[in-house]
Amino acid sequence: MKSSFNTQLANWLLDPDGASSPIEDAEVLKKKLLKEDLMKVYEEVELPLVQVLKDVEAVGVSIDTKALQTLSRGLERQLTVLVKKIYKEAGEEFNINSPKQLLDIFSRKLKLHLRSTNVDKIAQFKDKHPLVGLVLQYRELAKVRSTYVEPLLTLTDKGSRIHTTFIQTGTATGRLSSRNPNLQNLPKESQWADDVRRAFIASPGYTLVSFDYSQVQLRILATVARDSRLIEAFQNGEDIHKLTASRIFNVSLEKVTPQMRRVAKTLNFGIVYGMGPRALSRESGLSFIEAQNFIDSYFLEFSKVKQWQEDLTQEVSSKGYVTNLAGRKRYFTEPINFRAAINTPIQGLEADILKRAMIQIHDVFSRRKEWQTKVRLLLPVHDELLFEIQNDTIQEAVPLLTTLMESAYTLAVPVKVDVKMGKNWATLTPYKKKA
DNA sequence: CGCATACGCGCC
DNA sequence: AAACGGCGCGTTTGCG
């Protein structure tokens, strides 16, 4: 089979931010890929992934359009009621969707002089005036309807399946993105999440099975920072957030309260993003000083992580780029965003792990003709793969898929996958191996 | 009038 | 005063 050189992939790998002008000539691009040590990730990951994604797009996800239509009508009705209430409370009609007009209303009617109307800023004033709560309710409903329910109904095909488009060359870190519709940002925790996700169903005779990499970014951090404490904790299957809590609060593991663990969890995830005290205090409710102290304690305890961050900022300053363990590369220009630089090798390797898993799985299952239609990849979501599997094949396929995902890439710590299954995407329950 | 931008918000 | 990384999208608003 003739496989022509993919210039789009090559251009993107050479400069995933798309800052420099694309080079057209394939021979020049090949030389550049070699020179920049990007040929491996091109040949082993991006090129084979093209066909995998095509297949995934073609399969699509089955949608319960009846459920969506019911949801749509319900939202419509409730929104009508809400709008009336809001106009009444405000004493006039205005465009609730306009932050500008909303600020004006808040200022004139509530004597609340704000510079932003986002939920974090205004939620605290819910008790002060009923209008605030009503507006937030309206926002939630309007968001669900206009961003999810209506577009999903529009984009579902005659066979009740929806086909997203994956953008393989759209992100700076190596992740995929999804559009028309974006199936990677469906509500999960909000009040309406289940109503939306219930509409994503398994084909008749199939079951949805999701495979989630467990704390993969922290496992990558442990690996790249070579932090022995983190590595040990993952090797021993310890509760990583509890461990962090114990260290930063300077108490024994048994004395860690749920509260302390929560802060530690925020911090653990934040570290990956280069989080500062301000962000931590905002996220956790701690004071700025407390947040600063916890970050200091964290770096005192996990000094290798601190060291890794410092080394990396050095490197990006001198070389002008960062790479991840898979060889993927991202250039930074002045002024360098060091937080992005810190996050890039972690988020990027996560993407490479998932991509390698997808390719591996595609290879294995396309070789087994009898399994081709029985195990279908429906959707990658950054650290998760959603499949639909024919009911009589689940017991056989799940362990194999789990193993393939867990062995897609070798880290300094075990790579673990959590499996859940169900008839729709809202009600997945942990997979239990049959005895 | 269409297009680009800002805002706000959903996910990992 | 401020900076927590990566996305896509609906709506409003300003610009040309």
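Each chain gets a letter, A, B and so on, in the order its sequence line appears, and its residues count up from 1. Bear in mind that the values here come from a model prediction, so they are computed numbers and not experimental data. Computed from heavy atoms alone, side chains included, the values below leave out hydrogens, waters and symmetry copies.
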Visitor: For the residue pair A/Phe269 and A/His241, does the interplanar ring angle fall in the parallel (under 30°), tilted (30 to 60°) or perpendicular (over 60°) class?
Guide: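 Answer is tilted, since the angle falls between 30° and 60°.
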
Visitor: Is the phosphate of C/dG6, meaning OP1 or OP2, less than 4.0 Å from a side-chain N or O of A/Thr344?
Guide: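 Answer no for this pair, as no side-chain N or O of A/Thr344 is under 4.0 Å from OP1 or OP2.
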
Visitor: Using a 4.0 Å heavy-atom cut-off, does A/Ser178 contact any base of the nucleic acid, only the sugar-phosphate backbone, or nothing at all?
Guide: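 Since only primed, P, OP1 and OP2 atoms lie under 4.0 Å of A/Ser178, the category is sugar-phosphate.
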
Visitor: Does the side chain of A/Lys100 get closer than 4.0 angstrom to OP1 or OP2 of C/dT11 through an N or O atom?
Guide: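 So the side chain of A/Lys100 is outside the cut-off, no N or O lying under 4.0 Å from OP1 or OP2 of C/dT11.
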
Visitor: Quickly work out the A/Arg219 CZ to B/dC12 P distance and round it to whole Å.
Guide: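 The distance from CZ of A/Arg219 to P of B/dC12 comes to 18 Å, rounded to the nearest Å.
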
Visitor: Checking contacts here: which listed nucleotide (C/dG6, C/dG8, B/dG8) is nearest the side-chain heavy atoms of A/Asn185?
Guide: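 Nearest to the side-chain atoms of A/Asn185, counting from C-beta on, is C/dG8.
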
Visitor: Could you work out which one of B/dC12, B/dG8, C/dC7 sits closest to the side chain of A/Asp383?
Guide: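 The answer is B/dC12.
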
Visitor: When we call it a touch if two heavy atoms are under 4.0 Å apart, what does A/Arg175 touch: a base, just sugar-phosphate, or nothing?
Guide: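 Touches a base.
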
Visitor: Compute both the distance and the angle, then confirm whether A/Arg376 meets the cation-pi test with A/Tyr206: under 6.0 Å from the six-membered ring centre, within 45 degrees of the axis.
Guide: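 Yes, a cation-pi geometry.
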
Visitor: NA contact type, A/Ile167, heavy-atom cut-off 4.0 Å: base, sugar-phosphate, or nothing?
Guide: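 Since only primed, P, OP1 and OP2 atoms lie under 4.0 Å of A/Ile167, the category is sugar-phosphate.
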
Visitor: Among B/dC11, B/dG10, C/dC4, which is the nearest nucleotide to the side chain of A/Lys143?
Guide: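 My answer, after comparing the listed nucleotides, is B/dG10.
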
Visitor: Assess, by modelled atom type and distance only, whether the side chains of A/Thr164 and A/Ser178 contain a donor and an acceptor separated by less than 3.5 Å.
Guide: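 A/Ser178 and A/Thr164 do have a side-chain donor-acceptor pair below 3.5 Å.
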
Visitor: A/Glu189 near the nucleic acid: base, sugar-phosphate alone, or nothing, with a heavy-atom cut-off under 4.0 Å?
Guide: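 Here A/Glu189 touches the backbone only, sparing every base.
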
Visitor: Remember a base hit wins even if backbone is also touched, and classify A/Gln101 as base, sugar-phosphate or nothing at under 4.0 Å, heavy atoms.
Guide: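 Since only primed, P, OP1 and OP2 atoms lie under 4.0 Å of A/Gln101, the category is sugar-phosphate.
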
Visitor: So if I take every side-chain heavy atom of A/His382 and compare against B/dC12, C/dC4, C/dC9, which nucleotide ends up nearest?
Guide: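 Of B/dC12, C/dC4, C/dC9, B/dC12 is nearest to the side chain of A/His382.
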
Visitor: For the side chain of A/Met275, counting heavy atoms from C-beta on, which of B/dC7, C/dG6, C/dC4 is nearest?
Guide: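 Given the options B/dC7, C/dG6, C/dC4, the side chain of A/Met275 is closest to C/dC4.
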
Visitor: Of the listed nucleotides (C/dG5, B/dC12, C/dC7), which one gets closest to any side-chain atom of A/Ala340?
Guide: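 Closest nucleotide among those given: C/dG5.
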
Visitor: Heavy atoms from C-beta onward define the side chain here; which of C/dG10, B/dG8, C/dG8 lies closest to that of A/Ser177?
Guide: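 Nearest to the side-chain atoms of A/Ser177, counting from C-beta on, is C/dG8.
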
Visitor: Quick one: are the ring centres of A/Phe332 and A/Tyr321 less than 6.0 Å apart?
Guide: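 They do not qualify: ring centres at least 6.0 Å apart.
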
Visitor: Over all strands shown, is A/Ala193 touching base, sugar-phosphate only, or nothing at heavy-atom distances under 4.0 angstrom?
Guide: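 Nothing, no heavy atom under 4.0 Å.
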
Visitor: What I want to check is whether the side chains of A/Thr117 and A/Arg139 have a donor and an acceptor closer together than 3.5 Å.
Guide: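 A donor-acceptor contact under 3.5 Å links the two side chains.
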
Visitor: In terms of side-chain heavy atoms of A/Pro187, which of C/dG8, B/dC11, B/dG8 is nearest?
Guide: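 Taking heavy atoms from C-beta onward, the closest nucleotide is B/dC11.
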
Visitor: Taking the ring of A/Phe249 and the ring of A/Phe294, is the distance between their centroids below 6.0 Å?
Guide: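 Aromatic pair counts; centres sit under 6.0 Å.
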
Visitor: If the P atom of B/dG8 is compared with that of C/dA2, how far apart are they to the nearest Å?
Guide: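 One P to the other, the span is 15 Å.
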
Visitor: Nearest of C/dA2, B/dG8, C/dG6 to any side-chain atom of A/Pro99?
Guide: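 Of the options given, the side chain of A/Pro99 lies nearest B/dG8.
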
Visitor: Of the candidate nucleotides C/dG6, C/dT12, B/dC11, which contains the atom at the shortest distance from the side chain of A/Ser98?
Guide: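 Taking heavy atoms from C-beta onward, the closest nucleotide is C/dT12.
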
Visitor: Hey, does A/Arg330 reach any base, or is it just sugar-phosphate, or nothing, if we go heavy atoms under 4.0 Å?
Guide: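 Sugar-phosphate, backbone atoms only, no base.
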
Visitor: For C/dT12, take OP1 and OP2 only and decide whether either is under 4.0 Å from a side-chain N or O of A/Asn95.
Guide: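 The answer is yes; a side-chain N or O of A/Asn95 sits under 4.0 Å from OP1 or OP2.
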
Visitor: Pick base, sugar-phosphate or nothing for A/Val119, based on heavy-atom distances below 4.0 Å to the nucleic acid.
Guide: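 Contact class for A/Val119: sugar-phosphate only.
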
